[in-house]
Amino acid sequence: MELLKQRILKDGKVIGDDILKVDSFLNHQIDPALLYEMALELKRLFGGEGVNKIFTIEASGIALACMAGYVFSCPLVFAKKSRSRNISDDVYSAEVESFTHGKVYDIIVAREFLRPEDRVLLIDDFLANGSAMNALIDIVHQAGAEVVGAGIVIEKAFQPGGERIRGQGIRVESLARIASMSEETGVVFCD
Ligand code: 5GP
């Protein structure tokens, strides 16, 4: 998606050779107009698939998932990263290995919000090693629901997540795919 690529080139900051910071429009400060355009693009890509639920992981997937929920006219559900007291024990859970923090943690979702009849579009801000996406897929399968596909804002195609998820037969659509990056060269897109 050209608009997103231009924004990454303008405002993204490469840290080392595998972290991209996009805090000024996606991960800390958020540009609603850009996110709305991204949601419309996801609707263009997945609009014919009968999506009736959007599923993401807190925190940074929520903003786009919310826009997508609005555009698809369906609810969004986000997996929570820790068990809180106001959620029942009746939850699905899966393990995620955090790419940015290197820690392993559980995500949980109340069973009442994912049903066997759901056709689920997964959304996240980044696809790196695929652990977060794998955990979301695992939970959708636990619910007996169907994964329609995954809409990713930025796929770092030089990391194995894309292959891991596509290898399971899941349609992954990334709005920007990065072939390589470094502090010296900046970001190089796949196409
Ligand atoms: P994965 O589970 O695919 O290894 O990593 C995806 C998760 O890690 C995303 O939810 C995202 O929050 C975080 N992440 C992975 N790579 C990056 C990155 O380059 N920049 C930022 N800001 N987050 C990342």
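None of these values were measured; they are calculated from a predicted model. Note that the numbering runs from 1 along the sequence shown for the chain. Just so you know, ligand 1 is whichever comes first in the structure, and atom 1 is the first atom listed for that ligand.
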Problem - Thr100 neighbourhood, listing ligand 1 atoms whose heavy-atom distance to it stays under 4.0 Å - result: 14 (N), 23 (N), 24 (C)
Handout entry: Stepwise side chain to side chain donor-acceptor pair (under 3.5 Å) check, Asn134 with Gln168
Key = CA-CA 10 Å; Asn134 249 338; Gln168 298 173 43; 2.8 Å; yes
Handout entry: Residue and atom name of the nearest protein heavy atom (relative to atom 21 (C) of ligand 1), distance in Å to one decimal
Key = Phe126 CE1, 3.3 Å
Problem - Exam field: side chain Glu183 to backbone Ile15, donor-acceptor pair closer than 3.5 Å - result: no
Problem - Lys21 N/O under 3.5 Å from ligand 1 N/O - result: no
Practice task
Tell me which protein heavy atom sits closest to atom 15 (C) of ligand 1, plus the residue, atom name and distance to 0.1 Å.
Solution key: Phe99 CD2, 3.3 Å
Problem - Backbone of Arg119 reached by a side-chain donor or acceptor of Asn52 within 3.5 Å - result: yes
Problem - Heavy-atom gap Gly130 to ligand 1 smaller than 4.0 Å - result: yes
Exercise for the section: Run the numbers for me: atoms of ligand 1, each under 4.0 Å from some heavy atom of Asp124, listed by number. Expected result: 9 (C), 10 (O)
Problem - Atoms of ligand 1, numbered as shown, that sit under 4.0 Å from any heavy atom of Ala132 - result: 2 (O)
Practice task
Look only at the side chain of Lys53 and the backbone of Leu122, and say whether a donor-acceptor pair between them is shorter than 3.5 Å.
Solution key: no
Practice task
Verify, without hydrogens or angle tests, whether Lys156 (side chain) and Asp18 (backbone) share a donor-acceptor contact under 3.5 angstrom.
Solution key: yes
Exercise for the section: Please confirm whether the backbone N or O of Glu58 pairs with a side-chain atom of Lys80, one donor and one acceptor, at under 3.5 Å? Expected result: no
Practice task
Any atoms of ligand 1 less than 4.0 Å from a non-hydrogen atom of Ile19? List them with their elements.
Solution key: 19 (O)
Completion exercise
Ranked by distance from atom 18 (C) of ligand 1, the top protein heavy atom is Lys156 NZ, 3.5 Å
Practice task
Using a strict cut-off of 4.0 Å, indicate which atoms of ligand 1 neighbour a heavy atom of Asp18.
Solution key: 19 (O)
Problem - Protein contact to atom 4 (O) of ligand 1 [nearest heavy atom, distance to 0.1 Å] - result: Asn129 N, 2.7 Å
Handout entry: Where Arg164 and Asn129 come nearest, the two heavy atoms and their spacing
Key = NH1-O, 2.6 Å
Practice task
Provide the number and element of each atom of ligand 1 under 4.0 Å from a heavy atom of Asn27.
Solution key: 22 (N)
Exercise for the section: Check whether NZ of the Lys or CZ of the Arg Arg171 lies under 6.0 Å from the centre of the six-membered ring of Phe46 and within 45 degrees of that ring's axis. Expected result: yes
Handout entry: Atom indices of ligand 1 within 4.0 angstrom of Leu20 heavy atoms, with elements
Key = 18 (C), 19 (O), 20 (N), 21 (C), 22 (N)
Handout entry: Within 6.0 angstrom of Tyr105 OH, more than 12 heavy atoms from elsewhere
Key = yes
Completion exercise
If you compare Val96, Leu26, Asp125 by their heavy atoms, the one closest to atom 9 (C) of ligand 1 turns out to be Asp125
Problem - Backbone or side-chain N or O of Ile57 under 3.5 Å from ligand 1 N or O - result: no
Practice task
Give a yes or no on whether the backbone of Thr185 and the side-chain of Ser182 come within a donor-acceptor separation of less than 3.5 Å.
Solution key: yes
